[in-house]
Amino acid sequence: MNDSLNFIEQIIEEDINSGKHDGKVLTRFPPEPNGYLHIGHAKAICVNFGLAEKYNGATNLRFDDTNPTTEETEYVDNIKKDISWLGFRWKEELYASDYFETLYQYAVTLIKKGLAYVDDSTPEEIAAMKGSPTEPGTNSPYKTRNIEENLNLFERMRNGEFADGSRVLRSNVDMSSPNMLMRDPIIYRIKHEHHHRTGDKWCIYPMYDFAHGQSDSIEGITHSLCSLEFIHHRPLYDWFIEKLEIFPSKQTEFARMNVEFMITSKRKLLKLVQDKYVDGWDDPRMPTISGMRRRGYPPMAIRTFCDKAGVAKRENTIEINLLEACVRDELNKTAERTMLVIDPVKVVIKNFPDNISEELVMELNPEDENSGTRPIQFSNEIFIEKEDFMKDAPDNFFRMKPGGLVRLKHAFIIECTGFSENANGEVTEIYANYFPDSKSGQDTSGLKAKGTIHWVNAKNAVNCDVRIYDRLFTHPSPGEGVEDFMEHVNKDSMTVIATAKMDPGMLKYGKSFGKQFQFLRLGYFTVDPDSSTEKIVFNKTVGLKDSWAKEKKK
RNA sequence: UGACCUAUGGUGUAAUGGUAACACUCCGGUUUUUGGUACCGUCAUUCUAGGUUCGAGUCCUAGUGGGUCAACCA
């Protein structure tokens with residue numbers, strides 16, 4: 001597809017070429033099971049799984065569950081569902097908590113080497129001794145505690161003899177390091193908490209820095225890919241591997257992907273849900289994977305998007321245009337076409353016989369020769385889109401206008417002969433004549449219609465709900481330049497339309513959640529789980545490009 | 001008064017010391033029974049100052065801008 005390599009691919013190829021790890025590539029995706037996956041995670045998933053796939057390697061799914069107070073099994077299931085939906089398969093499903101005993105022994109090893117000590121200081125004291133980015137820290141009075149005492153104390157920590165927060169195990173590195181993370185970081189803390197997997201077996205839990213890299217090493221992860229914010233952790237990551245003399249996994253950092261009009265902060269997302277600005281984590285406006293799924297974004301479109309966004313180390317904000325282009329591109333190839341009228345007005349075709357209907361043929365997807373067709377019924381009363389008719393139309397308006405010709409998609413050319421309107425000047429009904437010899441596919445009329453519009457047979461049309469979504473935020477970088485990001489929430493991000501008309505044959509898709517359609521000339525839509533076989537609810541995924549909208553502005 | 005990362009069109013990513021390119025957007029056009037798709041075209045780019053070199057977007061130094069780091073979170 002593209003023969004230029006990103007910087008991680010270059011590293012991997014160098015490693016393969018030099019015979020490192022026998023040319024094997026093993027990556028990992030390490031979510032903490034305390035929230036829902038979002039577009040940013042999708043990027044990390046694509047990078048980790050994608051690279052492994054490209055280099056004939058594999059990827060472990062490892063839940064980073066070292067903090068029992070925030071983690072739940074419910075999230076584990078959703079995370080697995082999201083990754084699978086994106087189309088990736090992990091080699092092994094693992095948990096950092098699987099390694100608690102090994103990690104404990106690693107800590108003992110460190111203590112025995114004089115590289116870790118039990119600190120009785122309070123959290124406040126430890127913070128004070130940390131120093132600041134510009135000032136070195138100071139040594140804890142417990143830093144010189146002897147090995148025997150440390151071993152004894154650490155064992156008693158494990159045995160539950162001490163209260164939460166009363167003691168910690170710290171690594172013995174360097175309190176004067178310019179890297180704050182090297183200033184004797186805490187590696188074990190006491191938490192008398194129930195863990196979602198280990199239950200009440202443990203009351204001490206390792207910190208991220210003493211779990212993540214070690215887990216990588218235990219699994220034999222060759223390339224541990226993470227976001228840039230962890231770059232300061234790398235010296236520590238390497239330090240533990242060196243001192244513990246364990247498998248040398250290598251951490252490589254790349255920049256997180258930001259997307260215009262989207263937020264990925266767990267706290268902010270939660271606020272939107274709790275304050276009911278959206279209808280749950282899978283609301284189609286949410287940047288969560290479950291939200292995008294419900295919105296109708298195809299998994300392949302999300303993967304293509306992440307690929308096209310690229311991998312590098314600088315701050316970036318990807319235009320939402322690119323995501324929507326990927327979605328359209330995918331759906332154009334795959335979505336079944338049908339006609340639906342969102343804002344209907346009736347057209348009466350005066351020279352078409354009443355009480356009969358004519359069966360016409362509609363192609364399911366012009367981009368796919370094998371997609372087939374479906375029959376549709378034409379009669380003397382149809383609905384068209386209100387905005388496809390203009391009383392006083394300019395020359396560049398190619399749709400329906402008095403005295404003008406227009407093609408009804410898959411049907412006939414009609415000529416508008418008049419209309420009626422109410423006291424407010426709103427058009428209530430339109431009149432037309434059709435040309436029997438202008439039928440789609442067998443047109444012998446010689447007539448030319450500049451425009452083609454979609455329609456629905458009014459004689460048997462049924463109502464459905466259509467939910468139209470707009471951006472969740474009014475600013476491409478929500479929260480920028482204002483005190484509270486909520487100031488940028490778009491209050492009109494969802495419009496529910498209950499007047500839409502469709503062919504009754506569509507009712508059979510009432511339980512086909514996620515089924516995708518292109519409503520001709522309107523956009524891509526998908527069946528929402530709120531649907532039933534009595535009443536379908538469609539979510540608008542994304543509109544078609546609309547060059548008429550641009551033309552109108554001129 | 002620290003350390004680390006980073007700087008290429010509007011956006012993102014390439015160019016691995018040798019003609020700055022690709023995608024999306026924008027704008028214009030061709031085709032079209034979706035004002036969609038497809039196709040073609042236009043505009044537009046190396047933060048600044050020094051240095052090394054026959055030659056620097058690339059290497060070096062300094063500056064400037066942006067980002068990150070002081071949770072018993074991950």
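Residue numbers begin at 1 in each chain, while the letters A, B, ... track the order of the sequences.
Within the nucleic acid shown, A/N6 comes within 4.0 Å of sugar-phosphate atoms alone, with no base atom in reach, counting heavy atoms only. Note on A/D64: only backbone sugar-phosphate atoms sit closer than 4.0 angstrom, heavy atoms only; bases stay farther off. Using a 4.0 Å heavy-atom distance criterion, A/H212 is classed as making no nucleic acid contact. Note on A/S121: a base of the nucleic acid sits closer than 4.0 angstrom, heavy atoms only. Looking at heavy-atom distances under 4.0 Å, A/I318 makes contact with sugar-phosphate atoms alone, never a base. Using a 4.0 Å heavy-atom cutoff across all strands shown, A/K333 reaches no nucleic acid atom at all. Across all strands shown, A/T317 has heavy atoms under 4.0 Å from sugar-phosphate atoms exclusively, and none from any base. Counting any heavy atom pair closer than 4.0 Å across all strands shown, A/M339 reaches no nucleic acid atom.
Protein atom CD1 of A/I231 is 7 Å distant from nucleotide atom C1' of B/C4, rounded to whole Å. In this structure, the CG atom of A/N365 is 18 Å from the P atom of B/U33, given to the nearest Å.
For A/E367, the listed nucleotide lying nearest its side chain is B/U37; candidates were B/C73, B/U1, B/U37. Of the listed nucleotides (B/C72, B/C24, B/U16), B/U16 has the atom at the smallest distance from the side chain of A/Q10. If you check B/U34, B/C73, B/C24 against the side chain of A/N67, the one that comes closest is B/C73. Nearest nucleotide to the A/M207 side chain, out of B/G35, B/C72, B/A3: B/C72. Each of B/C5, B/C24, B/C72 was ranked by its minimum atom distance to the side chain of A/N321; first place goes to B/C24. Of all nucleotides listed (B/G36, B/C69, B/C5), B/G36 comes nearest to the side chain of A/K545.
Projected onto RNA chain B by closest heavy-atom contact, A/F519 and A/Y208 fall at different nucleotides, the more 5' of which corresponds to A/F519. Nearest-nucleotide assignment on RNA chain B puts the 5′-proximal partner with A/W548, out of A/W548 and A/R189.
In this model, the phosphate group of B/G36 is approached by a side-chain N or O of A/S547 to a distance below 4.0 Å at OP1 or OP2.
Smallest separation of non-hydrogen atoms from A/E72 and A/H196: C-ND1, 4.2 Å.
Within 3.5 Å, no donor on the side chain of A/R328 pairs with an acceptor on the base of B/U37, nor the reverse. For B/U1, the base has no donor-acceptor partner in the side chain of A/E135 [N/O atoms by modelled type, under 3.5 angstrom]. A donor-acceptor contact under 3.5 Å is formed by the side chain of A/H233 with the base of B/A74. Residue A/H454 places no side-chain atom within donor-acceptor reach of the base of B/U34, judged by atom type and a 3.5 Å distance cut-off alone. Below the 3.5 angstrom threshold, one finds a donor paired with an acceptor across the side chain of A/S440 and the base of B/U33. Put simply, the side chain of A/E319 and the base of B/G10 share a donor and an acceptor less than 3.5 Å apart. Judged by distance alone with a 3.5 Å cut-off, no donor-acceptor contact links the side chain of A/E260 to the base of B/G12. No hydrogens or angles were tested; on distance alone, nothing pairs the side chain of A/R407 with the base of B/U32 as donor and acceptor under 3.5 Å.
In RNA chain B, the stems built from three or more successive Watson-Crick or G-U pairs (distances below 3.5 Å) are B:2-7 with B:64-69, B:10-13 with B:21-24, B:27-30 with B:38-41, B:47-51 with B:59-63.
Under the 6.0 Å distance and 45° angle rule, A/K143 does not count as a cation-pi partner of A/Y117. Cation-pi geometry between A/K191 and A/Y205 is not met: the NZ or CZ atom fails to fall both under 6.0 Å from the ring centre and inside 45° of the normal. Geometric assessment of A/R62 against the ring of A/Y95 yields a negative cation-pi assignment under the 6.0 Å and 45° thresholds.
Ion pairing between A/D120 and A/R145 holds under the 4.0 Å rule for side-chain N and carboxylate O. Under 4.0 Å is where a charged nitrogen must lie from a carboxylate oxygen, and between A/D216 and A/K250 no such pair does. Ionic pairing of A/D443 and A/R407 is present here: one or more N-O contacts between side-chain nitrogen and carboxylate oxygen are shorter than 4.0 angstrom.
For an aromatic pair to be called close, the ring centres must be under 6.0 Å apart, and A/Y524 with A/F517 fails this.
As rounded to the nearest Å, B/C73 and B/A62 have C1' atoms that lie 39 Å from one another. Rounded to whole Å, the separation between the P atoms of B/U45 and B/A20 comes to 13 Å. Taking atom P in both B/U25 and B/G67, one finds a spacing of 29 Å when rounded to whole Å. For the C1' atoms, the distance from B/G9 to B/C4 is 29 Å, rounded to whole Å.
Not counting sequence neighbours, the partners of A/E324 by the salt bridge (charged side-chain N to carboxylate O under 4.0 Å, His left out) test are A/R471.
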